[in-house]
Novice: 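One structure, as structure tokens, below. Some questions next.
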Amino acid sequence: MTLLAVENISRSFGSHTALHNISFNVEQGDSFGIIGRSGAGKSTLLRCLNGLEKPDSGRILFCGEDLAALPEKRLVPLRRKIGVVFQHFNLLSSRTAAANVALPLEIAGIAKAQRQKRVNELLDLVGLADHGHKYPAFLSGGQKQRIGIARALAANPVLLLCDEATSALDPETTDSVLALLSDINRKLRLTLLFITHEMDVVHKLGHHVLVLKDGHIAARGTPAEILQNSENSTMPLPDNLSTDAQNGSQAIVRLTLDLKEHPLTPFLIKLEQNTISATILRAQPHQNIEQPAMDVLLHLPAPTEENLSLLNSLARSVEVTGYVTPDL
Amino acid sequence: MSRLIFNLLLQATWQTLEMVLISGFLAVAGGLPLGILLVLTGPSGLSPMPWLARPLGLLTDAVRAVPFIILLVLLIPLTRFIVGTSLGTTAAIVPLAVAAIPYFARIAEVSLREVDPGLVDAVRAMGGTRWMVIRYVLLPESLPGMISGLTVTLVTLVGASAMAGTIGAGGLGDLAIRYGYQRFNTTIMSGVVAVLIVLVTGLQAIGNLLSRKARHDAAGH
Ligand SMILES: Nc1ncnc2c1ncn2[C@@H]1O[C@H](COP(=O)(O)OP(=O)(O)OP(=O)(O)O)[C@@H](O)[C@H]1O
Ligand SMILES: [Mg+2]
């Protein structure tokens, strides 16, 4: 069943076209990713989906209504069915974590006793049962985002929108937040629509992906399909790449994968099983080679002997291209 | 210091406090709604209404442009109409409030504009109405700034109330003029200055404390 149908929406700011003729459907229960570089129009698209931004033309069908055409007054009740998770959490600093989670319920006019029960459930769900009394200033980034997720879920939405939910978090926290979102999608059967600029997030979370480029749809498909199409590589080489390894620096590794022996997805699973955290920056199929192979550019936070030798055992060739220092 | 001087000082301090606190209260009662209105109807506000925002802004600044000493005289008819007389402590509250309302409105406006627009987005995305955005986001999130702003307003009112003393409002300014200036009584003069210093630093300390308490971050605990 289609939950959300976007039909030919366009949006311009002055002479700049931020979105051009975007159409896609999100099915009930799907985990739908939109990936694109900075300025591609991702946030603008997401804001159209809950009516915070009006497209110049096109339709957005949700719950039998066209969000692009509704006046503000009639958008208000529909927004209560759509949860939003923000990149910078957007928690109210004047309220405790629990009161932040309770806010959508207060807005929906739910009685205090019921509110409290639901808040406790949600704090449990995101693993922060003991942190409800704290103000946001006293929570870590990962904890803030968990509260943000609990808040987005509070009013039992039918759709969860995530705008770069993990890009303000460090790699480990990112993984745990992605796992939580994936859990919510599978166990609560909640439809997820997320935007990101990281291929890795799409890979870990998405069932379907849309690649957005300068306001146009550049490609769509499953994460594996997108990943194997070099045209769609969205991550350039980091510009702070250096050739010498400094204390605590992380490696950028180029490796050639034999796709017959190690297709990409199983390769990533293998990395995960060995608890090697790595981010794929680019994946490009080899040309002029008889055996199907793929050039993969990896960001390896821990370039230890052990990790490199494991990569060596999986790939046809491994080469450390350079080092980057973590920008924290 | 003689008992007489002490009593004079005590009574004048009390009158000054009365003028400052009542006109401060009126400044918030009138200035806060005005500040909210300026933000909401402004170009990037929740309901942009240039036809309302512009005249309101102009009126606000027009009142602020008039020096207080002139405002005191200009408002004598209005004061007579409201209070029945243009002399005394109660009468001084009218011009003080008229001056303080636009002053605090602009200060409130700045605090409200400093609220992270992401928070407004968050509450709108939850299905919050405009009123809910004001109640759940704008007011509580700007509270620390508002308290600091109110402190500044009250301190300014202390000075202005002394000026109102020149037209017979009573209070510390009046005392300083009548005894300190016209009769060269240096004891009273220095007494008034000392009380004013204590009053202003006290107000500032209380304001700082409350503002910090309202912040709910590491500095507030
Ligand atoms: N309110 C606005 N006024 C003018 N231009 C805007 C506005 N909002 C977005 N834009 C422009 O539209 C384009 C798309 O912006 P958008 O924020 O949707 O990009 P994005 O893909 O989310 O980027 P990022 O990854 O940096 O968040 C950008 O060129 C941006 O400058
Ligand atoms: Mg964005």
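Heavy atoms only: backbone and side chains are in, while hydrogens, waters and symmetry mates are out. So that the names make sense, note that chain A is the first sequence line, chain B the second, and so on, each numbered from 1.
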Novice: So which of B:Asp116, B:Val137, B:Asp121 has the largest heavy-atom pair count under 4.5 angstrom toward chain A?
Specialist: B:Asp121
Novice: In plain terms, say whether B:Glu141 and A:Arg95 are close enough for a salt bridge, that is, a side-chain N and a carboxylate O under 4.0 Å apart.
Specialist: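 The answer is no: the pair does not qualify as a salt bridge.
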Novice: With a 3.5 Å distance limit and no angle check, can you tell me whether A:Arg79 reaches the backbone of B:Met126 through a side-chain donor-acceptor pair?
Specialist: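 No, the answer is negative, given that no donor and acceptor are paired below the 3.5 Å cut-off.
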Novice: Roughly how far apart are A:Leu91 CG and B:Leu119 CG, rounded to 0.5 Å?
Specialist: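 It is 8.5 Å, given to the nearest 0.5 Å.
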Novice: Write down the atom of B:Ala125, the atom of A:Asn50, and the distance for their closest heavy-atom approach.
Specialist: CB-ND2, 3.7 Å
Novice: Applying side-chain contact (heavy atoms from CB on, under 4.5 Å), can you list everything that pairs with A:Thr17, at least two apart in sequence or on another chain?
Specialist: A:Ser12, A:His20
Novice: Do B:Tyr136 and A:Leu103 have side chains that get closer than 4.5 Å, going by heavy atoms?
Specialist: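 Side chain of B:Tyr136 against side chain of A:Leu103, heavy atoms only: contact under 4.5 Å found.
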Novice: Report which part of B:Val123 has an atom under 4.5 Å of a heavy atom belonging to chain A: side chain, backbone, both, or neither.
Specialist: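 It is both, since atoms from each part get that close.
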Novice: Who among A:Arg151, A:His88, A:Lys73 has the most heavy-atom pairs with chain B under 4.5 Å?
Specialist: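 So the answer, after comparing A:Arg151, A:His88, A:Lys73, is A:Arg151.
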Novice: Does B:Arg106 CZ have over 12 foreign heavy atoms under 6.0 Å away?
Specialist: yes
Novice: So do the side chains of B:Arg124 and A:Glu72 get within less than 4.5 Å of each other, counting heavy atoms only?
Specialist: yes
Novice: Against chain B, work out which of A:Ala137, A:Pro104, A:Gly51, A:Ser93 has the most heavy-atom pairs shorter than 4.5 Å and name it.
Specialist: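 The residue among A:Ala137, A:Pro104, A:Gly51, A:Ser93 with the greatest pair count is A:Ser93.
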Novice: Among B:Ala214, B:Gly128, B:Pro144, B:Ala122, which residue forms the greatest number of heavy-atom pairs with chain A at distances under 4.5 Å?
Specialist: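 Most heavy-atom pairs under 4.5 Å with chain A: B:Ala122.
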Novice: Checking heavy atoms, do the side chain of A:Leu92, its backbone, both or neither come under 4.5 Å from chain B?
Specialist: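 A:Leu92 touches chain B through backbone and side-chain heavy atoms alike.
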